[in-house]
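Heads up: numbering here begins at 1 and tracks the sequence.
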Amino acid sequence: MPQREPRRGLRTSALAAVTAVLALTLTACGGDGSGDPTGAGFEDCATEPTTCNSGPRKEGGDLVWAVGGKWEAWGQADIYGSSLSTSVINQPLRPTVFTYDQAGEIHYNDGIYSAAPELLAEAPMTVAYHLKPEATWGDGTPIGLDDFIWHWKATSTDEAQCAGCTPATDYGSNVASIEQGEDNTIVVTYKDGYLDAEWFAAQVITHPAHIAEARGHADWRTDPAVMAASIADFSENPPLDYSAGPFKMVEGVLGDYAKYVPNPEWTGSQQSTLDSLTLKYIEGADAMATELRQGTIDGAAPSSFDPEILDQLADDPELKFSVAPQSGWSHIDANFDNPFLAAEPLRRAIFTAIDADEMNARAYGTAYEDTETMSNVLFRPDSEYWTDQIGDSGLGSGDQDAARAILEDAGYTWDGDALLTPEGQPVSLRFRTGIEGEAFTPIIQDLVITYLGDLGIDLTTDPIPAGELNTVLEERDWDLILFSWIETPLFASSAADYWGEGNHTGFQNDEVDAVIAELATTLDRDRAAELNNRAAQISLDQSVQLPLAWTPQLVMVNKDVVNVRDNWATTMRVFYNVGEWGFLGEE
């Protein structure tokens with residue numbers, strides 16, 4: 001199933017120590033993965049989720065890992081690099097700030113930072129980042145002030161800073177200044193009145209400023225067109241000349257593969273024992289499993305798979321595998337630009353006619369029988385912030401009679417089996433989702449065709465080509481769409497990501513806008529949760545989307561691969577600790 005990270009985009013990964021206060025604050029926010037994993041060889045993940053499948057690593061080895069999403073860009077600063085696939089392919093070398101572990105605790109990147117971010121002041125909000133003096137871009141150049149400033153400009157949303165740019169996040173639009181502090185500290189001061197309850201999680205660097213200059217964009221500081229060109233350069237060309245992670249890329253073909261070797265300048269706690277790591281695009285879980293059994297790859301974590309594959313994996317003593325709900329939540333959205341769907345009664349009738357429980361059971365339930373239908377868009381049932389947002393609304397109930405009553409009350413009629421608008425126009429819609437290499441999605445697609453056909457809607461399907469989800473969403477080239485958001489325990493900016501200005505559905509609501517404005521003025525995470533829940537409730541009341549389920553996902557590896565384990569609490573899943581992967585050695 002196509003997946004996308006929220007537009008806040010780049011809030012993930014790498015390991016380090018964490019302050020006790022932040023750990024205690026964050027543990028309860030996102031749930032614990034809801035359910036024990038099923039499979040073979042990962043049984044200890046049920047009781048030891050942060051250390052399961054661990055073991056001593058031998059020195060050396062060439063590990064090949066299959067990735068299931070084509071990446072449209074190499075860079076991480078613009079919207080084209082905000083896809084999950086691009087994040088994954090860059091994970092071994094990108095300058096992440098932190099990650100969450102499977103217990104929901106936050107760990108800061110000890111390869112770049114000597115301590116966690118520090119809140120210096122609230123008015124204006126001022127945050128200090130304590131860089132390790134030895135942290136470099138893999139070429140001897142220290143990470144420093146210019147790198148923070150480059151990212152600020154890249155995400156400023158200001159034409160005077162970056163001409164014609166489409167940033168992956170609006171981080172820079174809220175920054176007032178970035179200055180060099182004492183003892184290798186960078187101080188970021190935000191605009192007066194702006195606050196962020198998750199200030200500690202902002203992504204503050206993505207690319208090296210000195211490499212932008214070396215690639216011919218020396219005037220990025222003063223010329224907004226040159227700044228834009230430097231972003232395009234990072235997106236179009238593989239990062240063979242820099243690294244801020246445990247690996248350095250030595251080869252790469254867009255949408256095909258990327259090969260890495262250990263970064264000798266990396267000083268973080270994740271120290272690789274491998275000779276090389278190759279991430280290789282393979283379409284579909286079946287093909288991945290075939291190559292895994294043949295020994296041409298060493299592991300994969302596909303986002304969708306045919307449950308029949310599990311029997312094949314279980315019968316092979318050379319393999320280990322695990323299935324459990326992870327960080328993706330699936331949903332069907334309505335495009336407000338479509339003249340039919342601009343009418344709320346039609347959206348509500350559609351989402352009432354769809355039976356979410358049946359879809360989840362017939363699709364995801366075949367792989368993980370305890371799959372639950374979502375009733376809150378943002379929080380899992382074990383979160384202190386969970387509320388029942390579906391209630392008795394009828395959304396996802398599959399109640400065709402109720403759906404028809406909604407339409408009749410709004411003046412819709414039928415000509416035979418065909419639904420007509422109050423103006424007498426036949427209702428026809430285009431439903432888009434990715435079905436290449438997918439198992440769950442075709443089941444859901446067929447059921448949606450049935451539900452809407454029973455309602456009298458002429459529904460055509462138009463598959464999304466692999467790797468093109470971002471483009472389809474940004475161009476709003478769809479009427480109804482099925483895909484998954486990939487989430488983490490972070491939530492403070494969710495309302496802005498999902499329903500704020502420029503969101504992918506075209507939905508606009510003054511009360512939601514007010515919620516988003518208030519979220520930018522509070523440091524209180526409890527208040528932020530309350531506000532985000534309110535925005536989510538409004539979106540459901542307006543039938544913007546129908547949430548389905550936290551989707552089960554698969555990890556499968558060669559039995560000798562250690563320290564690979566799934567992680568519901570990060571968009572990177574297994575890649576959160578990629579620097580620790582290796583092959584089993586002797587004690």
**Study point:** Polar side chain donor-acceptor pair, W386 to D382, under 3.5 angstrom
**Key:** no

**Study point:** Backbone N/O of V564 and side chain of N53: donor-acceptor pair under 3.5 Å
**Key:** yes

Check your understanding: Does S235 reach the side chain of W74, with side-chain heavy atoms less than 4.5 Å apart?
Key -> no

Considering only distance and modelled atom types, tabulate donor-acceptor pairs under 3.5 Å from the side chains of residues 273-280, sequence neighbours left out.
from : atom 1 : to  : atom 2 : distance (Å)
T273 : OG1    : K58 : O      : 3.4
D275 : OD2    : G61 : N      : 3.1
S276 : OG     : D62 : OD1    : 2.6

Review point. Quick one: does D560's side chain have a donor or acceptor within less than 3.5 Å of a partner on F583's backbone?
Key: no

Practice item. Verify, without hydrogens or angle tests, whether T155 (side chain) and P167 (backbone) share a donor-acceptor contact under 3.5 angstrom. Key: no

Exercise for review: Report yes or no: does E474 contribute a side-chain atom to a donor-acceptor pair with the main-chain N or O of Y80 at less than 3.5 Å?
Suggested key: no

**Study point:** From NZ (K559) to NZ (K320), nearest 0.5 Å
**Key:** 9.0 Å

**Study point:** Qualifying residue for ring pair (Phe, Tyr, Trp, His ring centres under 6.0 Å) with F440, from Y368, F305, F483
**Key:** F305

Review point. Once you round to the nearest 0.5 Å, how far does CD1 of I444 lie from CD1 of I449?
Key: 12.0 Å

Point to revise | Member of L310, V555, L292 meeting the side-chain contact (heavy atoms from CB on, under 4.5 Å) criterion with F321 | key: L310

Exercise for review: Compare all side-chain heavy atoms of E105 with those of Y100 and state whether any distance is below 4.5 angstrom.
Suggested key: no

Review point. So with a 6.0 Å cut-off around CD of E134, is the heavy-atom count from everything else above 12?
Key: yes

Practice item. Test D147 against H207 for side-chain hydrogen bond (donor to acceptor under 3.5 Å, both in side chains), laying out the working first. Key: CA-CA 7 Å; D147 306 313; H207 298 291; over 6 Å; no

Revision key, fill the gap. Side chain to side chain donor-acceptor pair (under 3.5 Å) with K132: of D110, T267, N109, only one passes, and it is T267

Check your understanding: V377 and L540: which non-hydrogen atoms are nearest, and at how many Å?
Key -> CG2-CD1, 3.9 Å

**Study point:** Derivation and outcome, side chain to side chain contact (heavy atoms under 4.5 Å, CB included), residues I332 and Q545
**Key:** CA-CA 6 Å; I332 299 173; Q545 77 271 98; over 6 Å; no

**Study point:** Polar contact flag, side-chain donor to acceptor under 3.5 angstrom, E251-Y257
**Key:** yes

Check your understanding: What is the distance from atom CD1 of I89 to atom OH of Y260, rounded to the nearest 0.5 Å?
Key -> 4.5 Å

Practice item. Measure the acute angle between the ring planes of Y113 and Y129, then classify it against the limits of 30° and 60° as parallel, tilted or perpendicular. Key: tilted

Review point. Taking the six-membered ring for Trp, are H151 and Y171 ring centroids under 6.0 Å apart?
Key: yes

Exercise for review: For residues 66-81, pull every pair meeting salt bridge (charged side-chain N to carboxylate O under 4.0 Å, His left out), keeping only residues two or more places apart or in separate chains.
Suggested key: none

Point to revise | Under 3.5 Å side-chain donor-acceptor pair for Y498 and H504 | key: no

Check your understanding: Side chains of N263 and L93: closer than 4.5 Å at any heavy-atom pair?
Key -> no

Point to revise | Any donor-acceptor N/O pair, Q203 side chain to P95 backbone, under 3.5 Å | key: yes

Check your understanding: Just by distance, do the side chain of S375 and the backbone of D388 share a donor-acceptor pair under 3.5 Å?
Key -> no

Review point. Does one side chain, of N577 or N567, offer a donor that lies under 3.5 Å from an acceptor on the other?
Key: no

Check your understanding: With distance as the sole test, does D306 use its side chain to make a donor-acceptor pair with the main-chain N or O of A439 at under 3.5 Å?
Key -> no

Check your understanding: How long is the span from the CD1 atom in I112 to the CD1 atom in I143, to the nearest 0.5 Å?
Key -> 4.0 Å

Check your understanding: Any donor and acceptor pair, going by atom type alone, linking the side chain of E43 with main-chain N or O of G41 inside 3.5 Å?
Key -> yes

Practice item. Output, in order, the C-alpha distance, side-chain angles, deciding distance and verdict of side chain to side chain contact (heavy atoms under 4.5 Å, CB included) for I297 and M556. Key: CA-CA 11 Å; I297 67 170; M556 48 185 173; over 6 Å; no

Practice item. Compute whether any side-chain donor of one residue and acceptor of the other, for S83 and T86, lie under 3.5 angstrom apart. Key: yes

Check your understanding: Does the side chain of L473 come within less than 4.5 Å of W478's, by heavy atoms?
Key -> yes

**Study point:** Side-chain heavy atoms of S484 within contact of W329, under 4.5 Å
**Key:** no

Point to revise | Test item: side-chain donor near acceptor, N533 and Q389, under 3.5 Å | key: yes

Review point. If you draw the axis of the six-membered ring of W550, does the NZ or CZ of R380 fall within 45° of it and under 6.0 Å from the ring centre?
Key: yes

Check your understanding: Can you list the steps and then say if E265 with T136 is a side-chain hydrogen bond (donor to acceptor under 3.5 Å, both in side chains)?
Key -> CA-CA 7 Å; E265 295 187 16; T136 74; 2.4 Å; yes

Exercise for review: Using distance alone, with no hydrogens and no angle criterion, decide if T206 and Q76 have a side-chain donor and acceptor under 3.5 Å apart.
Suggested key: no

Check your understanding: Taking atom CD of E308 as the centre, does the number of heavy atoms from other residues, nucleotides or ligands within less than 6.0 Å exceed 12?
Key -> no

**Study point:** I481 vs I464, side chain to side chain contact (heavy atoms under 4.5 Å, CB included): CA-CA, chis, key distance, verdict
**Key:** CA-CA 10 Å; I481 193 167; I464 302 171; 3.8 Å; yes

Review point. CE of M249 to CG of N90: how many Å apart, nearest 0.5 Å?
Key: 6.0 Å

Check your understanding: Which pair of non-hydrogen atoms, one from A301 and one from R573, has the smallest distance, and what is that distance?
Key -> O-NH1, 3.0 Å

Review point. Do the side chain of D298 and the main chain of W65 share a donor and acceptor less than 3.5 angstrom apart?
Key: no

Review point. To the nearest 0.5 Å, how far apart are CE in M572 and OG in S327?
Key: 8.5 Å

Practice item. Consider only side-chain N and O atoms of Q102 and R565, and report whether a donor and an acceptor are under 3.5 Å apart. Key: no

Review point. Can a salt bridge be assigned to the pair R432 and D462 using a cut-off of 4.0 Å between side-chain N and carboxylate O?
Key: yes

Check your understanding: Is any side-chain heavy atom of V562 less than 4.5 Å from a side-chain heavy atom of R57?
Key -> yes

Review point. If we ignore angles and hydrogens, is there a donor and acceptor under 3.5 Å between the side chains of T373 and D357?
Key: yes

Review point. Hey, are S54 and N563 close enough side-chain-wise for a donor-acceptor pair under 3.5 Å?
Key: no

Practice item. Could you pull out the closest heavy-atom pair between I282 and A66, with the gap in Å? Key: CD1-CB, 3.7 Å

Practice item. May I ask you to decide if A324's main-chain N or O and D566's side chain share a donor-acceptor pair within less than 3.5 Å? Key: no

Review point. F379 versus S494: any side-chain heavy-atom pair under 4.5 Å?
Key: no

Check your understanding: Do we see a donor-acceptor contact under 3.5 Å between the side chains of S330 and Y364?
Key -> yes

Practice item. Test side chain to side chain contact (heavy atoms under 4.5 Å, CB included) on V250 and L240 and set out the steps. Key: CA-CA 6 Å; V250 292; L240 303 178; 5.6 Å; no

Review point. Is there a side-chain contact between Y385 and N376 (heavy atoms, below 4.5 Å)?
Key: no

Check your understanding: Any chance CZ of R362 has more than 12 other-residue heavy atoms, nucleotides or ligands included, within less than 6.0 Å?
Key -> no

